[in-house]
Engineer: 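If you scroll down you'll find the structure; I have some questions about it.
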Amino acid sequence: MIALADCNNFYASCERVFRPSLNGKPVVVLSNNDGCVIARSNEAKALGIKMGEPAFKSRYIFEKYDVHIFSTNFVLYGDFSNRVMSILSSNVPEIEVYSIDEAFLNLEGIPNKKQFSLELREKVLKWTGIPLSIGVAPTKVLSKMANSMAKNKSENNICILEHVDSINRHLKEFSISNIWGIGWQLTKKLNSMGIYNAYQLTEKSDLWIQKQMAITGLRLVKELRGEPCLELEDKWRRKKSITTSRTFAHGIDNIRDLSKALTTYASICAAKLRKENSCAKSIYIMLATDTSRPGHKSCKIINLNTPTNDSLEIISHCTEALRNIYNSNYIYKRVGVIVSDIVPQSKVQLTVFDKTDDIEKRQHLMQAIDIMNHKYGRLRVRFAVNGYSPRWHPHQEHLSPCYTTRISDLMRIKG
DNA sequence: TCTGGGGTCCTAGGACCC
DNA sequence: TCTGGGGTCCTAGGACCC
């Protein structure tokens, strides 16, 4: 049996841990640039604030009902995630951390799954302040469904689906649009064929499923029937691509500021590569004007002879590519860097033109930068091309302190 | 004024080869 | 008269997830 443990309203719950006065009150967390709503407390959901909705559309609700607004604070959420995951992993034989706020757990050998889930939920809540929902079922896809039941239809946020009868009963009440792996396109298509609930899907033949939903769809439906097709992946996997991109508060109309932003994202990508002990063989830069209006997009791919994770090298390729594709007739609103074709650093093949001495020197330099930035904060040590007074920074009006990771942000007790 | 950011997997179709 | 058959690799784009 597999459990899916999922933190309730995760970002909103993190913000509340150090602000208990917000319990029972509507809280929302906004995406980067304070663009749209990406997390809501139950009270905010009850006010009709929609997930992914642009913040300005709900502005009047925020004011009328005194909704507490936060900008995303990924340092804080990442730290809470680590705490929750380490508690979960110390209580089960196997775990797959699926995202920042959820994990699949292998419950093999655990006799009373309901009691176990209740105790685990209690422990995480007591130790971290984060409430969980736990759904237990024979496969991953079914545990996702059980989790949804746990969140919405159970008093204690626990749902165990063990027997065929109860699984089928729930499948009949479960809309296909809520199935993990079925998005709005497939929902539209299947609805037009008269399929509305998960049970109807399990009754179709394998051939029909594969024709309509391809191989991933067939795996998904088998999982719905209780036949495990998706394994728990407990191993750390090297990322296949790494992206750093942002939308700005205000458009940029000059190549100097654009270059500062782009090279900053290039150095963040390089640092992320080094953190994984990876090197990338291709770099992709992209520029876009305001996406809400018809505009302009351009991109450039740079293929390297030798994979790298050296910030200076990646920065210089990006700067050159920017000069090639920059068009001074446009005002840019978004830029980004994607590094891909990733290989382990230990397996990098040098060419005859690479100077190993230089590479080693630069590796030491990068290491020193990483150590300092780890200690004093990302981008504290930066490159001159990154600039210092970023006029191009995104909006973050409602940022909370990093209570758990920055000494100056620690809570103080009045004596 | 105003719509995020970071990923993965799959497929169709083109290029190329023998 | 009239244009094979089978394979691989790569890439762009779609769909989906949180």
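Within every chain, numbering begins at 1; the chains are lettered A, B, ... in the order of the sequence lines, protein sequences first and strands thereafter.
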Engineer: Using residues 300-307 of chain A as the side-chain source, report each donor-acceptor pair under 3.5 Å to any protein atom, sequence neighbours left out, with the distance given to one decimal.
Structural biologist:
unit_1, atom_1, unit_2, atom_2, d
A/T306, OG1, A/D354, OD2, 2.7

Engineer: If the sugar-phosphate is the primed atoms plus P, OP1 and OP2 and the base is the rest, what is the B/S/- string for nucleotides 5-13 of chain B, using protein heavy atoms under 4.0 Å?
Structural biologist: SSSSSSS--

Engineer: Which part of the nucleic acid, if any, lies within contact of A/I268, taking any heavy atom under 4.0 Å across all strands shown: a base, the sugar-phosphate backbone alone, or nothing?
Structural biologist: nothing

Engineer: A side-chain contact here means heavy atoms from C-beta on lying under 4.5 Å apart; do A/V348 and A/L350 qualify?
Structural biologist: yes

Engineer: Show every salt bridge (charged side-chain N to carboxylate O under 4.0 Å, His left out) that has at least one partner inside residues 124-151 of chain A, sequence neighbours left out.
Structural biologist: A/D6-A/K151, A/E96-A/K140, A/E102-A/K144

Engineer: Picking from A/F10, A/Y11, A/F80, what satisfies ring-ring contact (aromatic ring centres under 6.0 Å, His included) with A/F74?
Structural biologist: A/Y11

Engineer: Output the rounded distance in Å from OH (A/Y77) to P (C/dC18).
Structural biologist: 18 Å

Engineer: Checking side chain to side chain contact (heavy atoms under 4.5 Å, CB included) between A/T128 and each of A/L132, A/L125, A/I130, which is the one that passes?
Structural biologist: A/I130

Engineer: For residues 269-276 of chain A, run the donor-acceptor check on the side chains, cut-off 3.5 Å, and write out each pair with its distance to 0.1 Å, sequence neighbours left out.
Structural biologist:
unit_1, atom_1, unit_2, atom_2, d
A/K272, NZ, A/T243, O, 3.2
A/K272, NZ, A/T244, OG1, 3.1
A/R274, NE, A/D370, OD1, 3.4
A/R274, NE, A/D370, OD2, 2.7
A/R274, NH1, A/N309, O, 2.9
A/R274, NH1, A/S311, OG, 2.9
A/R274, NH2, A/S311, OG, 3.4
A/R274, NH2, A/D370, OD1, 2.9
A/E276, OE1, A/K239, N, 3.1
A/E276, OE2, A/K239, NZ, 3.2

Engineer: If we ignore hydrogens and angles and just use 3.5 Å, is the side chain of A/R16 paired with the main-chain N or O of A/K25 as donor and acceptor?
Structural biologist: yes

Engineer: Taking both distances under 3.5 Å as the test for a Watson-Crick or G-U pair, what stems of at least three pairs does DNA chain B have?
Structural biologist: B:5-18 with C:5-18

Engineer: Anything under 30° is parallel, anything over 60° is perpendicular, the rest tilted; go ahead and classify A/Y98 against A/F104.
Structural biologist: perpendicular

Engineer: Give, ordered by number, those residues of residues 180-187 of chain A having at least one heavy-atom distance below 4.0 Å to an atom of DNA chain C; if nothing qualifies, reply none.
Structural biologist: A/W180, A/G181, A/I182, A/G183, A/W184, A/Q185, A/L186

Engineer: So, using side-chain hydrogen bond (donor to acceptor under 3.5 Å, both in side chains) as the criterion, who are the partners of A/Q210 when residues are at least two apart?
Structural biologist: none

Engineer: Do A/Y199 and A/E173 have a side chain donor and acceptor closer than 3.5 Å?
Structural biologist: no

Engineer: If every non-hydrogen atom of A/P138 is compared with every non-hydrogen atom of A/I2, which pair is closest and at what distance?
Structural biologist: O-CD1, 4.4 Å

Engineer: Could you identify which residues of residues 56-73 of chain A place a heavy atom less than 4.0 Å from some atom of DNA chain B, listed by residue number, or say none?
Structural biologist: A/F56

Engineer: For C/dC18 versus B/dC2, give the span between their P atoms, rounded off to a whole number of Å.
Structural biologist: 30 Å

Engineer: Give a yes or no on this: more than 12 heavy atoms of other residues, nucleotides or ligands lie within 6.0 Å of atom CH2 of A/W208.
Structural biologist: yes

Engineer: Would you kindly give the CD-to-P distance between A/Q212 and C/dA15, to the nearest whole Å?
Structural biologist: 15 Å

Engineer: Measure the distance from CD1 on A/I331 to P on B/dC2 and round it to the nearest whole Å.
Structural biologist: 12 Å

Engineer: Among residues 129-153 of chain A, which ones have heavy-atom contacts with DNA chain C below 4.0 Å?
Structural biologist: A/K144

Engineer: Quickly work out the A/Y11 OH to B/dG4 P distance and round it to whole Å.
Structural biologist: 15 Å

Engineer: How long is the span from the CG atom in A/L379 to the CG atom in A/N386, to the nearest 0.5 Å?
Structural biologist: 7.0 Å

Engineer: Measure from CG on A/L230 to P on C/dC16 and round the result to the nearest Å.
Structural biologist: 16 Å

Engineer: How would you list, by chain and number, every residue that makes a side-chain hydrogen bond (donor to acceptor under 3.5 Å, both in side chains) with A/S86, sequence neighbours excluded?
Structural biologist: none

Engineer: Provide, to the nearest angstrom, the distance between the CE atom belonging to A/M85 and the C1' atom belonging to C/dC18.
Structural biologist: 12 Å

Engineer: Taking side-chain hydrogen bond (donor to acceptor under 3.5 Å, both in side chains) as the cut-off, I'd like each qualifying pair that reaches into residues 48-57 of chain A, sequence neighbours left out, listed once.
Structural biologist: A/E53-A/S58

Engineer: For B/dC16 versus C/dG4, give the span between their C1' atoms, rounded off to a whole number of Å.
Structural biologist: 16 Å

Engineer: Base, sugar-phosphate or nothing for A/E53? Non-hydrogen atoms, less than 4.0 Å.
Structural biologist: nothing

Engineer: Could you pull out all residues at least two apart from A/R219 that satisfy salt bridge (Lys or Arg N to Asp or Glu O under 4.0 Å)?
Structural biologist: none

Engineer: How is A/D101 classified with respect to the nucleic acid when contacts are heavy atoms under 4.0 Å: base, sugar-phosphate, or nothing?
Structural biologist: sugar-phosphate

